[in-house]
2 protein chains.
Amino acid sequence: MSATAAGSDRRAEIIATGARLFAERGIAHTSIRDIGDAAGILGGSLYHHFRSKDDLVDLIHRGSTSALDQLYRDALSGTDNAAEQFVAMVHASFEMFDRYPEATVIYMNDRQYLAARPRFDYLRTAEERHHKLWRSVVVRGVRSGVFRPDLDAELTSRLVQDAVWITGRRWVRTSRARRSIDELAGATSKILLGGLTG
Amino acid sequence: MSATAAGSDRRAEIIATGARLFAERGIAHTSIRDIGDAAGILGGSLYHHFRSKDDLVDLIHRGSTSALDQLYRDALSGTDNAAEQFVAMVHASFEMFDRYPEATVIYMNDRQYLAARPRFDYLRTAEERHHKLWRSVVVRGVRSGVFRPDLDAELTSRLVQDAVWITGRRWVRTSRARRSIDELAGATSKILLGGLTG
DNA sequence: GTCTATAGCCCGATAGAC
DNA sequence: GTCTATCGGGCTATAGAC
C-alpha cells in the first residue's frame with residue numbers, strides 16, 4: 001500500500017529527527033515543538049504519527065535491547081575461555097553502540113527520565129540481564145584460574161559493564177569518525193582485561 | 001548576631017533538603033514546591049533564602065570542586081612513582097565522594113542540565129583540570145616504564161577517570177553503608193592499576 | 001497529513017499582607 | 001520569615017477546519 005509506505009517514510013524521518021535531538025539535548029529538554037521545527041512540521045501535527053512523546057522515545061529504543069541480547073549470545077557461544085569471552089563481550093557492546101548511537105547516548109544521559117516511567121522497565125531489566133552475563137564471565141574466569149583469584153565478582157562486573165558503556169558514550173559523542181569501533185574495543189578490552197588477569 | 005545564625009541554620013537545612021531531593025530525583029524533576037513541601041515551607045517562601053533554583057544548585061556544588069583540587073594535589077605530592085600516584089588519586093576521588101555524596105550524584109546524573117547553563121562552567125573546567133592530572137600520571141607511568149608502553153594516554157586517562165566516578169556514583173547510591181571507602185577504593189584501584197601495569 | 005487554536009497543567013518567580 | 005495569591009510562560013496533548 002503506497003499510502004502506508006509514504007506514511008512510514010515520513011514517520012521514519014521524524015523518528016530519526018527525534019532521536020538526534022533527544023541525544024543532543026536530552027529528552028526533557030527537547031519539546032515536541034522542537035522536533036516539529038526540525039522536521040518541518042507543527043508540534044501538534046506530530047500526534048498524527050505518534051500517540052505521545054514517550055511513544056517516540058520507545059520507538060527509538062525498541063530493537064536495540066534485543067539486538068544486544070543477540071550480540072552477547074554470539075559473544076559467549078564462540079569460546080569457553082573467560083578471557084576470550086570478555087574480549088568478545090566488549091566488542092559486542094561497541095558493535096551495538098555503533099548500530100544504535102542515539103539509543104546509546106539517550107540511555108546513558110536520560111537514565112532518570114527512563115527509570116521514572118514504568119513503560120521503560122524493559123531497559124532496566126535488559127541491563128540487569130546483561131549484567132548477569134558480565135558477572136558470569138568474571139566468575140568463570142576466577143574459577144578457571146584465568147583471572148586473579150581475589151576479584152570481587154559484583155564490584156568487578158559492575159565496573160567493567162559501566163566502564164564499557166561510558167567509554168561508548170564518549171566515543172559516540174566525540175570521536176566516532178576518528179577511531180573505528182574495532183580499534184576502540186581492542187584498546188578498551190586490553191586495559192580492562194589486564195586488570196582482571198594482572 | 002543570633003538572627004543571622006538562626007537564618008543560616010534554616011538556610012543550611014533547606015540546602016540539605018534540596019541536595020537530597022536533587023540527588024534522588026534529578027534537578028529538572030524536582031520543583032521548588034517539592035523542596036518546600038519536604039522542608040515544611042511553601043514554595044514561594046524559599047525565595048526569601050535563595051534568589052533562584054540555580055542558586056540552590058550552585059550552593060550544593062560550591063566547595064566540592066576546590067576540595068577535590070586539594071585532595072588531588074595532596075595525592076600527587078606524596079610520591080613520584082606513577083603507580084602510587086594512581087592509587088592515591090583513586091583514594092582521593094572516593095574521599096571526595098564520601099564527603100560530598102549529593103554533589104557527586106547530582107553531577108553525574110544532571111550533566112546535561114549543568115552543561116546547558118554557563119554559570120556552571122566551573123564544574124566542567126574542574127573536570128578538565130582533573131583530567132589533565134589523570135593524564136599526567138598515565139604519561140609519567142608509561143615514560144618511566146611503570147605502565148605498559150602501548151597505552152593510549154587519552155583513552156586510558158578518560159577511561160579511568162570515568163570509571164572511578166561511575167563506580168563512586170553506584171557506591172553512593174547503593175552500598176555506602178555496606179562497604180567502606182577504603183575497601184572500595186582499594187578494590188577499584190587494584191583492578192584499574194592492573195590494567196595499566198599488566 | 002498538516003493546519004489553527006486552545007485546553008489544561010506545572011513550573012519558576014514575584015508582590016504584598018501578616 | 002512565612003503566608004496568600006497570582007503572573008507569565010512553556011509544556012503535552014486534543015479538537016476540528018482544510
Side-chain angles (χ1 to χ4, degrees), chain A residues 1-19 21-22 24-61 106 109-110 112-114 116-120, chain B residues 1-19 21-22 24-61 106 109-110 112-114 116-120:
Chain A
M1 304 165 184
S2 64
T4 305
S8 294
D9 282 358
R10 190 73 173 117
R11 207 175 119 98
E13 190 187 323
I14 293 168
I15 294 174
T17 302
L21 292 182
F22 286 154
E24 281 172 11
R25 314 179 193 170
I27 299 172
H29 200 250
T30 303
S31 72
I32 288 291
R33 288 177 178 88
D34 290 337
I35 298 171
D37 288 349
I41 193 176
L42 283 192
S45 302
L46 288 174
Y47 289 85
H48 175 75
H49 299 280
F50 312 103
R51 268 194 252 201
S52 72
K53 185 180 181 178
D54 281 349
D55 264 31
L56 180 52
V57 174
D58 194 74
L59 282 162
I60 293 165
H61 284 98
I106 294 167
N109 289 341
D110 284 303
Q112 291 203 13
Y113 181 97
L114 298 168
R117 283 148 233 261
R119 69 175 296 176
F120 297 117
Chain B
M1 302 164 180
S2 63
T4 304
S8 293
D9 283 357
R10 189 74 173 114
R11 208 175 119 98
E13 191 187 321
I14 294 168
I15 295 174
T17 303
L21 292 182
F22 287 153
E24 283 172 10
R25 313 179 193 169
I27 300 172
H29 200 250
T30 303
S31 73
I32 288 291
R33 287 173 177 87
D34 289 337
I35 297 171
D37 288 349
I41 195 177
L42 282 191
S45 301
L46 287 175
Y47 288 85
H48 176 74
H49 300 281
F50 311 101
R51 268 194 251 196
S52 70
K53 185 180 181 178
D54 282 348
D55 265 30
L56 181 52
V57 174
D58 194 73
L59 282 162
I60 294 165
H61 285 97
I106 294 167
N109 289 340
D110 284 303
Q112 288 203 347
Y113 180 97
L114 298 167
R117 282 148 235 262
R119 71 175 295 177
F120 297 117

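So that the names make sense, note that chain A is the first sequence line, chain B the second, and so on, each numbered from 1. Computed from a predicted model, the values in this text were never measured in an experiment.
- Between A:R117 and A:D54 a salt bridge is recorded (basic side-chain N to carboxylate O distance below 4.0 Å).
- Atom CG in A:D34 sits about 16 Å away from atom C1' in D:dA13, given to the nearest Å.
- With D:dA13, C:dC11, D:dT12 as the choices, the nucleotide that has an atom nearest any side-chain atom of A:S52 turns out to be D:dA13.
- Here D:dT12 presents its P atom at 12 Å from CD1 of A:I27, a figure rounded to the nearest Å.
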Verdict with reasoning, B:K53 to B:L56, per side-chain contact (heavy atoms from CB on, under 4.5 Å)
CA-CA 5 Å; B:K53 185 180 181 178; B:L56 181 52; 5.7 Å; no
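- Taking atom NE2 on A:H49 and atom C1' on C:dC3, their separation rounds to 12 Å, with Å as the unit.
- In this structure, B:R25 places its CZ atom 10 Å from P of C:dC11, rounding to the nearest Å.
- The shortest distance between the side-chain N/O atoms of B:H48 and the OP1/OP2 oxygens of D:dT2 is not below 4.0 Å.
- Using a 4.5 Å heavy-atom cutoff, the side chains of B:N109 and B:F22 are not in contact.
- Taking side-chain N and O atoms only, A:Y47 has a distance below 4.0 Å to OP1 or OP2 of D:dA13.
- With rounding to the nearest 0.5 Å, the separation of CG in B:D110 from CD1 in B:I27 is 4.0 Å.
- Nucleic acid contact class of B:I32 (heavy atoms, under 4.0 Å, all strands): sugar-phosphate only.
- For the pair B:Y113 and B:I106, the minimum side-chain heavy-atom distance is 4.5 Å or more.
- Following rounding to the nearest Å, B:L46 (CG) and C:dT14 (P) show an atom-to-atom distance of 13 Å.
- Using a 4.0 Å cut-off, some side-chain N or O of B:R10 falls inside it from OP1 or OP2 of D:dT2.
- Map A:R51 and A:H29 each onto its nearest nucleotide of DNA chain D; the residue landing nearer the 5' end is A:H29.
- Distance, A:D37 CG to C:dT2 P: 14 Å, rounded to whole Å.
- Residues B:R33 and A:S45 both approach DNA chain D. Their nearest nucleotides, taken by heavy-atom distance, put B:R33 toward the 5′ side.
- Residue-level contact check: B:L42 touches the bases, meaning some heavy atom is under 4.0 Å from a base atom.
- Residue A:L21 contributes atom CG, which lies 13 Å from atom P of D:dC11 at whole-angstrom precision.
- Rounding to whole angstrom units, CZ of residue B:F50 and C1' of C:dT14 are separated by 17 Å.
- Here B:G43 lies out of heavy-atom contact (under 4.0 Å) with every strand.
- Taking only side-chain atoms of A:K53, from C-beta outward, the nucleotide of C:dC3, D:dC3, D:dA13 with the closest atom is D:dA13.
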